[in-house]
Amino acid sequence: MAVVKLKEVSIIGKLADIDGVATVCGRSGVFHADDAMMQYGDTPDFTAFSEENPYTEPLQTLRDALTRAGKEVNLLDPKESKNIHMSADEAIAYAKDVTAKLKEWEASKAQAQAKLAEYEESMEAMGHFVGLNLDLDEISACEYVNVRFGSLPKENLDKLNAYKENPNVIFTPCTADEERQWGLYFAPAANASDVDRIFSGLKFHKVTLETMTGRPEDTVADLRQKRDAEAQIISQAEASTEALWNAEKTKIQQVYTLLAEKNVYYNAICRSAARYEDNFVIIGWIPKSDEAALKKELSQFKLIELSFKEGKEVAKHNPPVKLHNIPIFRGYEFFTKMYGMPGPEDIDPTPFIAIMYTILFGIMFGDVGQGFFIALIGFGFMWLKMKMQIGRILLHCGISSMVFGFFYGSIFGFETWLNPVHQAMGIAFNHHAGKFIEVMSADTSPYIIYFTMGLGVVMIVISLIINIILKFRHGHIGQAIFSSTGIAGMVFYIGLAGALANLIVGDLCAYIGFNGFNIWWLLGMVVLPLVFIFFQEPLAELFEGHGFRVEGGVGNFIMQNIFEIIVLAIETMSTIMSFLRVGAFVLVHAGMMQVVFSLATVFGGSGGVVYIIIVVIGNGVITALEALLVCIQVLRLNYYEMFNRFYAGDGREYVPVVASEMIEA
C-alpha cells in the first residue's frame, strides 16, 4: 500500500532563463507543476506570469501547412528530442520559412486547380457541340435569330413532335449520354420568349457559351492547352512540396517536436510561475529519487535559489500523491482514482481493493468457460486494443471466475463436466455429487451464504484496522480507541458478529466450542465497547489531556448518543447482512443457467442444432449481464461498506508534465 514520497521543488531565477528551466523540468518527465501564486498570492510584489506563448502560433501554422500538404509529422521519441541541438529562435525561424514555402505552393496549386476545373467544365460543355461546323462568332453576330445551347431529358424528345408544325421550334440534336440529349435550338428574335417557354417546359438546361469564340473544335483545343498548363503548375507545386519533405523531413520533425514540447512546457510550467520584477518562481513536485538528476540538469543555469523540501515542512501545501503498486495491482488504481486519491499520509487502498474485488467477483460469478471469455475479452480487446483500464481488471476477474468455477464444477453452466477431474483428485464426496462444491444442493447452499457473510465480517474488520492505524498515524488517539470506527467499534462489530454466528450456525459454533451468547462475551465484546462509544467524545478529551467534560448539557448528550448507538447497531447488522448478496449471486448464477438449459431442452430436445444455439445465446446473455451486475455490486461493497470506514479520498493526483501525453490528450 505504497504512496510515493514527493519533494517540493522551488526554483527562483532570472526571467531570461525561465524557458530553459521549464524545458529541463518538462523533459525530466517527473515534474508536477503547481501554481506558484497559491503560495505567493498574498505578497503584493508578486504577479502571475502571463507572457504570450511564443511557440503556439508557429507550431499551429506549421502543423496546418503540413496537414494541407498531406504530410503527417509525429513527435520524436523523448530520447531523440533531447539530442536536438537548436535554439528556440532558430526553430521558430525555420518553421516560419517552411510554412511560407508550403503556403506559397499551396496557394499556387489551389489557384491552378480552380482554373483547371473551370477549363474542364468549359471543355465538357463545348465538347457536346464539336462537329456541328459552327462558328460561334457568326452566331453571336446574328440579329434576328437567337441560338440556345444545352440539353434536355431523353424522355422529352418525343414531346417535340407536338411542335413540328411550329416553324419557330427547331431543335438540332448533337451528342447524348444515358439520360440527356445535347443539342441547340433556333428561334426568331421576335418569338424567342415563346420558344424559350416551350423548351423550358421540356426541362431544357441551357449552357452559356458567350465567352467562347470561333469554331468549337478550336476552342476545345485551346482549352485543353490551358488545362494542361494548369496541371503542370499543380505538378510543379506538388513536386516542390515533395522535394522539400524528402530533403528536410528529419529537420522538420525535429523542429515540430521542439516547438510542440516547448509549447507544452510554456503552458504547463511557465504559466504556473510567479513573477517578481525580472525574476521568476517555479513551484513543483518530484519523487524523492529524482532529486539528484534534476539538480544536475538545472546546474547549467545561474539560479538565485533551488530548494527541495519534504515532510511536515510542505504538508500545508497539500502535496500531490503518486501511487506505486506491483504490476498485478496496478490496474486497480483505476478504481482508487475514481473514488478519490489518498492523502500524502494515508494508506493506498489499491492492493486491498484489488484482492477483495477479485475474490468477490470470482465467488459471485464462478464458471470456468464464462470466466475464460471475460478474461479474453477484457485483456485482449478492452485493454490491448481499446486501452480501457477496466480491461486489465477483467483479466484478473476472469481468472478468479475460472478458479471458483473449478471449485463449483461449472463450465458454461454444465455442472458435471468436471466431475471426472474431481473424482481423479480423490474428492468425490457423495454429498457433493462428485465435486468440491455443489452450489444448488440443499446441504451446501446455506453454507455458501454463511461463508460470504463471514467473509464480509473479515473485510469490515480489515477496514477498521486500517482506519485505526491511520487515526494513530494522524495523532487522533481518542478517535482511534473510542470511536465507532476505532478499536471500540471494531470490538463491538466482532462481538455482534459472533453473537449472530451463534444464532445462525449454532451447531458449528458448538462444534468448535464457541458461544457468542456467553455472558462474558456479551459484556466484554458488545456492552463494554458500546459504553466506550457512548462516551467517546469526553473519553477522547480526557485521554488527550483536556479533562472529562460533556458539552451541550447532560440530557442532550444522553439523548443524542442513545440515538447514535441505535443507529450504529442497525448499521452494523445491515452491513453484515449486506454481504448476503455475494452468496445470493452464486445461487442466482446457477439458477439462471438451469433456466437456459430448461429452455434449450423444451425447444431443442436433448441435443441438436436448436439446443446448441439456445445454450450459446444463453451463455452470451448471462455472461454479459451478470458480468456487468457483479462488477457493479462488488464495487459497491468495496466503496460503501469498506472505503467509508477508513478512506477519505481527498488527495490530489501527481500528474507530471509529459509533452507526448499532453499533446496526445
Side-chain angles (χ1 to χ4, degrees), residues 1-11 21-22 24-36 38-39 78 264-265 268-269 272 282-298 306-357 389 392-393 396 462-463 465-467 469-475 638 642-643 646-662 665:
M1 300 183 183
V3 173
V4 177
K5 296 296 182 183
L6 300 178
K7 277 196 166 186
E8 184 186 60
V9 184
S10 178
I11 308 171
V21 170
V24 168
C25 293
R27 284 183 174 175
S28 69
V30 297
F31 188 84
H32 173 110
D34 251 1
D35 186 359
M38 295 295 292
Q39 296 187 30
V264 169
Y265 302 149
I269 300 177
S272 66
I282 290 178
I283 302 294
W285 303 86
I286 64 169
K288 186 177 181 180
S289 58
D290 294 297
E291 177 184 348
L294 183 60
K295 186 182 294 185
K296 180 180 178 181
E297 290 292 329
L298 290 174
L306 175 62
S307 62
F308 297 84
K309 304 174 185 177
E310 64 178 328
K312 295 182 179 179
E313 188 177 4
V314 297
K316 62 182 179 180
H317 297 158
N318 188 24
V321 173
K322 179 183 179 182
L323 304 181
H324 179 70
N325 292 283
I326 60 176
I328 196 173
F329 294 154
R330 204 162 292 159
Y332 291 88
E333 292 178 359
F334 171 73
F335 285 152
T336 300
K337 294 176 182 178
M338 188 165 63
Y339 192 90
M341 293 292 291
E345 300 301 321
D346 290 341
I347 292 176
D348 176 14
T350 301
F352 179 65
I353 192 175
I355 294 171
M356 295 304 178
Y357 193 97
Q389 291 293 333
R392 302 168 70 182
I393 297 173
H396 303 148
I462 294 174
S463 302
I465 291 173
I466 295 174
N467 181 66
I469 294 173
L470 289 175
K471 293 296 184 185
F472 278 115
R473 179 183 292 181
H474 294 156
N638 276 275
M642 290 173 286
F643 271 37
F646 70 91
Y647 191 61
D650 55 0
R652 60 188 181 115
E653 185 179 0
Y654 164 77
V655 183
V657 178
V658 180
S660 58
E661 294 180 2
M662 291 186 171

Please name the residue in the list Val657, Ile11, Val9 that meets the side-chain contact (heavy atoms from CB on, under 4.5 Å) test with Cys25.
->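 Filter result, single survivor: Ile11.
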
Interatomic distance, [X] atom [atom1] to [Y] atom [atom2] [nearest 0.5 angstrom]:
| X | Y | atom1 | atom2 | answer |
| --- | --- | --- | --- | --- |
| Leu470 | Tyr647 | CG | OH | 10.5 Å |
| Ser28 | Leu294 | OG | CG | 5.5 Å |
| Asn467 | Phe646 | CG | CZ | 8.5 Å |

Go through Ile347 and Arg473 one step at a time and tell me if the side chain to side chain contact (heavy atoms under 4.5 Å, CB included) criterion holds.
-> CA-CA 10 Å; Ile347 292 176; Arg473 179 183 292 181; 4.0 Å; yes

Are side-chain heavy atoms of [X] and [Y] found at a separation under 4.5 Å?
| X | Y | result |
| --- | --- | --- |
| Arg652 | Asn318 | yes |
| Tyr357 | His396 | no |
| Pro320 | Leu6 | yes |
| Val21 | Ile282 | yes |
| Lys295 | Leu306 | yes |
| Pro656 | Trp285 | no |
| Glu8 | Glu310 | no |
| Phe31 | Val24 | no |

Give the C-alpha distance, both sets of side-chain angles, the deciding distance and a yes or no for side chain to side chain contact (heavy atoms under 4.5 Å, CB included) between Ser307 and Lys309.
-> CA-CA 6 Å; Ser307 62; Lys309 304 174 185 177; 3.8 Å; yes

Nearest heavy atoms of [X] and [Y], plus distance in Å:
| X | Y | result |
| --- | --- | --- |
| His32 | Val655 | ND1-N, 2.8 Å |
| Phe352 | Ser463 | CZ-OG, 3.7 Å |
| Ala268 | Ser272 | O-OG, 3.4 Å |
| Gly26 | Ile269 | N-CD1, 3.8 Å |

I would like to know whether Ile462 and Met642 meet side chain to side chain contact (heavy atoms under 4.5 Å, CB included); could you show each step before the answer?
-> CA-CA 9 Å; Ile462 294 174; Met642 290 173 286; over 6 Å; no

Could you tell me whether [X] and [Y] make a salt bridge, using a distance below 4.0 angstrom between a side-chain N and a carboxylate O?
| X | Y | value |
| --- | --- | --- |
| Glu291 | Lys7 | yes |
| Lys5 | Glu345 | yes |
| Asp348 | Lys322 | no |

List the atom pairs, donor and acceptor, that lie under 3.5 Å between side-chain atoms in residues 326-344 and the rest of the protein, sequence neighbours left out.
from: Arg330; atom 1: NE; to: Asn325; atom 2: O; distance (Å): 3.0
from: Arg330; atom 1: NH2; to: Asn325; atom 2: O; distance (Å): 2.6
from: Tyr332; atom 1: OH; to: Thr358; atom 2: OG1; distance (Å): 2.6
from: Glu333; atom 1: OE2; to: Asn325; atom 2: ND2; distance (Å): 2.9
from: Thr336; atom 1: OG1; to: Thr350; atom 2: OG1; distance (Å): 2.9
from: Lys337; atom 1: NZ; to: Glu653; atom 2: OE2; distance (Å): 2.9
from: Tyr339; atom 1: OH; to: Asn644; atom 2: OD1; distance (Å): 2.9

Take Val314 and Phe308, measure what side chain to side chain contact (heavy atoms under 4.5 Å, CB included) needs, and give me the verdict at the end.
-> CA-CA 10 Å; Val314 297; Phe308 297 84; over 6 Å; no

